[in-house]
Amino acid sequence: MASSIMEKFQSMEYGPAPEDASGVMQWLDAHGRWFGHYIDGAFTKSSAAKFESKNPATGELLASIAQGEAADVDRAVKAARAALPAWQALTGHQRARYLYAFARQVQKHARKLAVLETLDNGKSIRETRDIDIPLVARHFYYHAGWAQLLGDVTDNGYTGDTDLKGYAPVGVVGQIIPWNFPLLMFAWKVAPALATGNTVVIKPAEFTPLTAMLFAEIADEIGLPKGVLNVVNGDGATGAAIVGHPDVDKIAFTGSTEVGRIIRKATANTTKKLSLELGGKSPFIVFDDADLDSAVEGLVDGIWFNQGQVCCAGSRLLVQESVAERLYDKIRARMETLRIGSPLDKAIDIGAIVDQVQHDRITKLVAMGVAEGATCWQPEIAVPTKGLFFKPTLLTNVHPSSTVAQEEIFGPVLAAMTFRTPAEAVELANNTAYGLAACVWSENVNVALDVAAQMKAGVVWVNATNVFDAAVGFGGYRESGYGREGGVEGLYEYLEPAWVKSEPKMFASIDEKQVLRSAQDDNSGVDDHIEGALGIDRTVKNYINGKQARPDSGYSYAVHDRNGKVVGEAPVGSRKDIRNAVEAARAASAKWGKTTAHGRAQILYYLAENLLPRRGEIVAHLADFVGPEQAAVEFDATIERIFSYAAWTDKYEGTVHNPPFRMVSVAMKEAIGTVGILAPDDAPLLGLMSLILPAIAMGNAVIAVPSERCATLMSDLYQALDTSDVPAGVVNLVAGKASELGKTLAEHDDVDAVWCFRDETASSMVKLGSIGNLKQTWTNEGRVIDWFDPARGEGRWFLRHATQVKNIWVPYGE
Ligand code: ADP
């Protein structure tokens, strides 16, 4: 028996240590150490400018790379556009086969890919071999499954039997990725895009282009139809050319918050869909009852994994005061055992920093931390004299407002702070503009889950850190960006309801219901500022924090009916009114978000109940604007809509993901917070309520601006809101010029999302205004929505925009 085990061991293949790079060198040599792009199924080497990709551990030149120019990007986009119809004409199964083939080939070439990644990036072979490349394969397997399940793409969207039936691919997708997980980020972008039937133009980061080129060879090997996947190399200018290309339908970006802002700005005047996965400054919270030894191991994975060059790195250690010194001692002892050196050595924990620029930045920030009062500690461990290495670093005595506690360092530097109570831990943890990830360490399940739920972050790991899986969405809150990658939640970034892009003639049904006004009508009424009463009885005020409020301007304007007759006055709201409404909404949202779904549902039903007795009066008011026939239909549809969202409130629930290890991830659908709404004016009551309802049903507080032309209708809601127990501040209504009020909402740092369902100019204005705090925006891109059709005017599409998914990873077993 013993001998047979020995034989088995002896027959196993072990690679020499350090890892043998000769195969990869041969591959580089075979290409003359000179790479271009992969466009329309062909490898092209334009004669244009080149840049160099070096091994950061040795400084050795690995290869020269072509700098993609606008013409290269244009060829790639054209190829992707041309490939789109045939790619979408494939069955879901056929697309699944390609994704499956990618997964198999990645497994087959795993060693080569891992070594190449280590050479190019400087990360340890242990990580590329055991983490990056297996996750890449897993991502393609998982998404091969989605391609199969989504089914075929028809004019009516996917035919498969999933919640996504009726959705359709967005089209040509431009993707820009960073250098910290080069192939993994490539997989995170490409797999869901292709699985959902889009075609791709992707730009790897300039520091790390090589595994993408090897992957392009795999695409060739598996016979992926030409043009479906195009890889253009280059730096930020090439990225900007992709972002700026008029024929790209969506941009998916991972990188710095700074560049995220540039991209938001560059796409504001377009209808391009956008997802951003940006920086982070993630808290790593350790309670006094935590298993401290496990927490220390967690920290090794949290901040020293990938040399700390991880957007979700647990870079802020928050430790309960009573165990702080004990934990620091353990951390220091563990740091003494970390091995830093040649990334190809299998025994190495910490490899090289990707580039001199990054090394300089880390050095500068650590010095700044010390200058601001932190104590810096580094272990006495050997560090290679050549290459870009940075010792693991612990900063204690860090003030929560200091630079090293607020700014992303993107290096192996841990900034430690203490707290006393769970409430203080939550406050410190959320005291950042970012919101990517958080770790909570406690053996007390109640404390851990309570704190996890309060984290303003897209991913929370309980007693774990930096675990990832294709089935679990990843992405941020706040200035860490929007959109998710992975899981069903990640698919939405690459699709939209099939009907959305259709011609407006589909709204003929509305004409039949006598919609006499066009959404693009001018706002002439607003300029007729008139002071005082006109001798008419409908003088409407704003509605802020549960009270009727005079506009700060003191002005009102005349509201005309559809025959031009003055039927009332509405307030001319201003920045000040919006600010007051935002303040009220912010205060209300915290509590409303925590109200049970059942409780919120009851309130919505009650709202319908309180509107119903006033049907005659409200229909009469509405008829002034839309005629009696539509008014009646609109009122009844509004009541039905309230019932729908009351029903959805406790049914639009989260899911539990099952990654392939002993953890579950609870994907919670959380409220976003405060939502600004610019309502349409084609169905003045139904349109307004179709936006307010999903937002408040999901626990948000809103600041809504109704259609200028029909703003007097607001007052029909006040009484019902008052008597329905909708808490003060949950619904705020401010009338006035939507362009002005919308701009204030979009620019306001305390507004978390803005929805705009008006014309294209308003859509652009909102996107442009959102750059400051990178709030989420959702617009109709100027298209008319048939609010009367429940398949379009209500349901999951709205609920999804009213929520953001937080994945809480929970381990089980010992
Ligand atoms: P990091 O700090 O991770 O290097 P960056 O945001 O600088 O992040 O880079 C991430 C990716 O964005 C890289 O591929 C880079 O070339 C690209 N990039 C940089 N500037 C721009 C830009 N203005 N437009 C589009 N892409 C850009």
Side-chain angles (χ1 to χ4, degrees), residues 35 37 49-54 56 65-70 72-73 76-77 120-123 173-190 200-213 215 230-246 248 250-268 270 272 274-281 306-313 315 353-362 364-365 388 407-411 413 434 436 476 479-481 485 771 774:
F35 293 86
H37 318 292
K50 297 179 191 177
F51 61 91
E52 296 180 338
S53 189
K54 289 184 177 163
I65 318 289
Q67 160 73 9
E69 318 233 311
D72 299 310
V73 169
V77 173
D120 202 13
N121 170 282
K123 61 167 72 189
V173 179
Q175 304 180 317
I176 295 159
I177 53 174
W179 45 262
N180 56 346
F181 293 88
L183 194 62
L184 185 57
M185 290 302 103
F186 188 96
W188 279 24
K189 292 280 180 287
V190 169
V200 165
V201 176
I202 185 166
K203 188 195 84 65
E206 54 270 42
F207 295 152
T208 53
L210 297 178
T211 42
M213 295 321 288
F215 193 92
N230 303 275
V231 184
V232 182
N233 277 307
D235 60 11
T238 315
I242 296 176
V243 170
H245 198 289
V248 170
K250 183 216 154 75
I251 295 291
F253 171 76
T254 298
S256 59
T257 295
E258 186 194 347
V259 175
R261 285 206 169 89
I262 294 173
I263 293 178
R264 171 68 293 180
K265 194 168 176 192
T267 53
T270 74
K272 287 186 182 107
L274 178 64
S275 53
L276 300 174
E277 202 270 88
L278 309 175
K281 191 76 192 176
N306 206 26
Q307 298 69 249
Q309 303 170 129
V310 184
C311 49
C312 55
S315 53
I353 302 297
V354 73
D355 191 83
Q356 188 68 47
V357 181
Q358 289 300 118
H359 197 279
D360 292 348
R361 184 181 144 81
I362 301 167
K364 195 179 96 194
L365 279 165
L388 298 170
E407 268 198 36
E408 193 176 29
I409 299 178
F410 231 61
V413 182
Y434 294 116
L436 197 50
E479 290 182 29
S480 288
E485 299 190 280
I771 293 168
L774 282 169

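Since this is a predicted model, take the numbers as computed values, not measurements. Whatever order the structure lists them in is the order used to number ligands and atoms, beginning at 1.
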Say whether F410 and ligand 1 are in contact under the criterion: heavy-atom distance to a ligand atom below 4.0 Å. no

Atom 17 (C) of ligand 1 sits nearest the protein heavy atom I176 CG2, 3.6 Å

All ring-ring contact (aromatic ring centres under 6.0 Å, His included) counterparts of F186, not counting sequence neighbours: F215

Nearest protein heavy atom with distance in Å, relative to atom 12 (O) of ligand 1: F253 CE1, 3.2 Å

Among protein heavy atoms, which sits nearest to atom 24 (N) of ligand 1, and what does the distance come to when rounded to 0.1 Å? A240 N, 3.5 Å

Any idea which protein heavy atom is nearest atom 1 (P) of ligand 1, and the distance to it? W179 NE1, 3.7 Å

Hydrogens and angles aside, do Q67 and N233 bring a side-chain donor and acceptor to less than 3.5 Å of each other? no

Classify the ring geometry between W179 and F207 as parallel (under 30°), tilted (30 to 60°) or perpendicular (over 60°). tilted

Given V243, I177, V259, T257, which one has a non-hydrogen atom that is nearest to atom 11 (C) of ligand 1? I177

Atoms in ligand 1 flagged as close to G239, the criterion being non-hydrogen separation under 4.0 Å: 24 (N), 25 (C), 26 (N)

Near G236, which atoms of ligand 1 are under 4.0 Å from a heavy atom of that residue? 16 (O), 18 (N), 19 (C), 20 (N), 21 (C), 22 (C), 24 (N), 25 (C), 26 (N), 27 (C)

Can you list the steps and then say if Q309 with F181 is a side-chain contact (heavy atoms from CB on, under 4.5 Å)? CA-CA 9 Å; Q309 303 170 129; F181 293 88; over 6 Å; no

Can you check whether a protein heavy atom sits less than 4.0 angstrom from atom 20 (N) of ligand 1? yes

Those atoms of ligand 1 less than 4.0 Å from some heavy atom in K203: 13 (C), 14 (O), 15 (C), 16 (O)

Treating D72 as the side-chain partner and E69 as the backbone partner, does any N or O pair qualify as donor plus acceptor under 3.5 Å? yes

Given S256, G174, C311, which one has a non-hydrogen atom that is nearest to atom 7 (O) of ligand 1? S256

Just to confirm my output: which protein heavy-atom neighbour is closest to atom 23 (N) of ligand 1, and how far is it? I262 CG2, 3.9 Å

Determine, stepwise, if the pair V73 / T238 fulfils side-chain contact (heavy atoms from CB on, under 4.5 Å). CA-CA 7 Å; V73 169; T238 315; 3.9 Å; yes

K281 side chain to E407 main-chain N or O, any donor-acceptor pair under 3.5 Å? yes

Is there a polar contact, in the sense of an N or O pair closer than 3.5 Å, between T254 and ligand 1? no

Measure the distance from atom 16 (O) of ligand 1 to every protein heavy atom, then report the residue, atom name and distance (to 0.1 Å) of the closest one. E206 OE1, 2.7 Å

Checking side-chain contact (heavy atoms from CB on, under 4.5 Å) for the pair E277/S480: CA distance, chi angles, key distance, verdict? CA-CA 6 Å; E277 202 270 88; S480 288; over 6 Å; no

Go through it in stages, so that I can follow the logic: the residues are Q175 and V200, the test is side-chain contact (heavy atoms from CB on, under 4.5 Å), and I'd like the CA-CA distance, side-chain angles, deciding distance and then a yes or no. CA-CA 7 Å; Q175 304 180 317; V200 165; 3.3 Å; yes

May I ask whether F207 places a heavy atom under 4.0 Å from ligand 1? no

Could you work out, with side-chain hydrogen bond (donor to acceptor under 3.5 Å, both in side chains) as the rule, every residue matching T254, not counting sequence neighbours? K189

